[in-house]
Participant: 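This is the structure I have questions about; it appears just below.
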Amino acid sequence: MHELPLLIFTLFVQGSVGITLWTGLGRINAMGTPDPRRHLLPAAAGAFILASLGLLASALHMGYPLNAFNALRHVASSWLSREIVFASLYLAALGLAILLLFAKKPGWKALLVLAGAIGLVDVFCMAQIYMHASVVTWQHANTLVLFFGSVGIIGSACVMAGSQSRNGVRLAVALVSLLVLLRLVMQPVWMADIAAADTSVVTFPHQPLQMLAQLRDIYLLSWCVSVAGMVCFAAGGLKRARGLLLSGSVLLIIGELMLRFVFFSIG
């Protein structure tokens, strides 16, 4: 798949931002433990590794990684340039927060929250790149819902798999359920809008509407997997059944991979 590096980049960075937000909000561990930093450091380090791998995949997609520096010259007019700037700031803030956590120095929590906020801006810029492309299936608010949904879903699925915080798990269940249902509500609106759009602006050789029809079975299966993951995740979280929670987390991540595969395949 030609767009595999972009699939890795978008999902890894969005998942990283989600983990960072959970870490910064202190909802990973059971509150009241002697040293909460012991629980937060592995999650923050995992978020940093995910983002680094995602950015590496993005740079390799450009064909010549040093081209990323050339893109910075158009920050005022290019969403790609803005995305690179905010991705770099996100990684820098997260890396500094991890160093403070490791050294047990103050300021790490504020930096984690700041990194999460910068990460959300980066995800917004990322979505705008595709929404301003000449591809009818991307020029819709559905792209924003898809990208920000991955932040909450992947972040929740990753951190709650090892969390001991009852309140944190309940919050994750509510968040994941809300995001999956919001996406489901958005689908008929998106389908109606792209069917009514002027497809003459679609860049050759892609035919997004035809590709969507060809991938209909995978598209429907991806939603079945996502809904099944939401149900298992919710049941495991509310019943405190670790096996169900883990199964739900795996299904949710698989669903995100399938949805993103469809997203890039029809673009």
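Throughout, residue positions are numbered sequentially from 1 according to the sequence presented.
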Participant: What pair of heavy atoms forms the shortest contact from L244 to A235, and how long is it?
Facilitator: CD1-CB, 4.0 Å
Participant: Decide if the gap between the ring center of F124 and the ring center of W79 is smaller than 6.0 angstrom.
Facilitator: yes
Participant: Is the shortest side-chain heavy-atom distance between Q139 and I194 below 4.5 Å?
Facilitator: no
Participant: Can L178 be reached from M230 by stepping across I, L, V, M, F, W or Y side chains whose heavy atoms are under 4.5 Å apart?
Facilitator: no
Participant: Any link between W223 and I153 through a network of hydrophobic side chains (Ile, Leu, Val, Met, Phe, Trp, Tyr) touching at under 4.5 Å?
Facilitator: yes
Participant: For S222 and L259, indicate whether the former's side chain and the latter's backbone hold a donor-acceptor pair under 3.5 Å.
Facilitator: no
Participant: Ignoring hydrogens, what is the shortest heavy-atom contact between A47 and T20? Give both atom names and the distance.
Facilitator: CB-OG1, 3.5 Å
Participant: Measure the CG-OH distance between D122 and Y90 for me, rounded to the nearest 0.5 Å.
Facilitator: 9.0 Å
Participant: Do the non-hydrogen side-chain atoms of L91 and L55 ever get within less than 4.5 Å of each other?
Facilitator: yes
Participant: For R82 and C125, work out which heavy atoms get closest and say how close.
Facilitator: CB-SG, 4.0 Å
Participant: Check whether T143 reaches the backbone of W138 with its side chain - one donor and one acceptor, N or O, closer than 3.5 Å.
Facilitator: yes
Participant: What's the shortest heavy-atom distance between G152 and V176, and which atoms?
Facilitator: O-CG2, 4.4 Å
Participant: Can you confirm if the aromatic rings of Y130 and F263 lie within a centre distance of less than 6.0 Å?
Facilitator: yes
Participant: Between V17 and L257, is there shared hydrophobic-cluster membership here, with clusters defined by ILVMFWY side-chain heavy atoms closer than 4.5 Å?
Facilitator: yes
Participant: Measure the spacing between CD1 of I129 and OG of S78 and express it to the nearest 0.5 Å.
Facilitator: 7.0 Å
Participant: Tell me, do F147 and Q14 make a side-chain contact under 4.5 Å, heavy atoms counted?
Facilitator: yes
Participant: Would you call I154 and L252 a side-chain contact if the rule is heavy atoms closer than 4.5 Å?
Facilitator: no
Participant: Under the side-chain contact (heavy atoms from CB on, under 4.5 Å) criterion, do W22 and S156 qualify, and how do the steps go?
Facilitator: CA-CA 8 Å; W22 276 107; S156 299; 3.1 Å; yes
Participant: Can you find a pair of side-chain heavy atoms, one from L144 and one from Q128, that are under 4.5 Å apart?
Facilitator: yes
Participant: Quick one: does L112's side chain get under 4.5 Å of L101's, heavy atoms only?
Facilitator: yes
Participant: Against F261, only a single residue in L4, L11, L7, I266 fulfils side-chain contact (heavy atoms from CB on, under 4.5 Å); can you say which?
Facilitator: L7
Participant: Surrounding CZ of F86 (heavy atoms of other residues, nucleotides or ligands, distance under 6.0 Å), is the total greater than 12?
Facilitator: no
Participant: May I have the step-by-step check of side-chain hydrogen bond (donor to acceptor under 3.5 Å, both in side chains) for R260 and S150, ending in yes or no?
Facilitator: CA-CA 10 Å; R260 197 56 53 88; S150 293; 2.7 Å; yes
Participant: Mind listing the closest non-hydrogen atom pair of L179 and G149 along with its distance?
Facilitator: CD1-O, 3.7 Å
Participant: Report the distance from atom CG of L94 to atom CG of L114, rounding to the nearest 0.5 Å.
Facilitator: 10.5 Å
Participant: Kindly indicate whether the side chain of L221, heavy atoms from C-beta on, has any atom under 4.5 Å from the side chain of D217.
Facilitator: no
Participant: Once rounded to the nearest 0.5 Å, what's the spacing between atom SG of C232 and atom CG of L251?
Facilitator: 5.5 Å
Participant: With side-chain hydrogen bond (donor to acceptor under 3.5 Å, both in side chains) as the criterion, how do Q187 and Y219 come out once you've worked through the C-alpha distance, each side chain's angles and the decisive distance to 0.1 Å?
Facilitator: CA-CA 11 Å; Q187 296 315 293; Y219 175 71; 2.5 Å; yes
Participant: Same cluster or not: are L182 and M186 linked, directly or through other Ile, Leu, Val, Met, Phe, Trp or Tyr residues, by side-chain heavy atoms under 4.5 angstrom apart?
Facilitator: yes
Participant: Distance-only, no hydrogens or angles: does the R170 side chain make a donor-acceptor pair with backbone N or O of G237 under 3.5 Å?
Facilitator: no
Participant: Does T10 use its side chain to pair, donor to acceptor, with the backbone of L6 at less than 3.5 Å?
Facilitator: yes
Participant: Please determine whether residues V85 and V121 belong to a single hydrophobic cluster, defined as Ile, Leu, Val, Met, Phe, Trp and Tyr linked transitively by side-chain heavy-atom distances below 4.5 Å.
Facilitator: yes
Participant: Specify the closest pair of heavy atoms between A93 and I118, including all atoms of both residues, with the distance to one decimal.
Facilitator: CB-CD1, 4.5 Å
Participant: Set out, in order, the CA-CA distance, both residues' side-chain angles and the distance that settles side-chain contact (heavy atoms from CB on, under 4.5 Å) for V151 and L21, then state yes or no.
Facilitator: CA-CA 9 Å; V151 173; L21 286 169; 4.2 Å; yes
Participant: Once you round to the nearest 0.5 Å, how far does CD1 of I98 lie from CG of L40?
Facilitator: 11.0 Å
Participant: Do the non-hydrogen side-chain atoms of C158 and I253 ever get within less than 4.5 Å of each other?
Facilitator: yes
Participant: Which is it for F233 and M160 under the side-chain contact (heavy atoms from CB on, under 4.5 Å) test, yes or no, and what are the steps along the way?
Facilitator: CA-CA 10 Å; F233 189 81; M160 289 303 126; 4.0 Å; yes
Participant: Find the distance between OG (S226) and CG (L184) and round it off to the nearest 0.5 Å.
Facilitator: 8.0 Å
Participant: Kindly indicate, with the supporting measurements, whether the criterion side-chain contact (heavy atoms from CB on, under 4.5 Å) is fulfilled by V250 and I254.
Facilitator: CA-CA 6 Å; V250 171; I254 293 175; 3.8 Å; yes
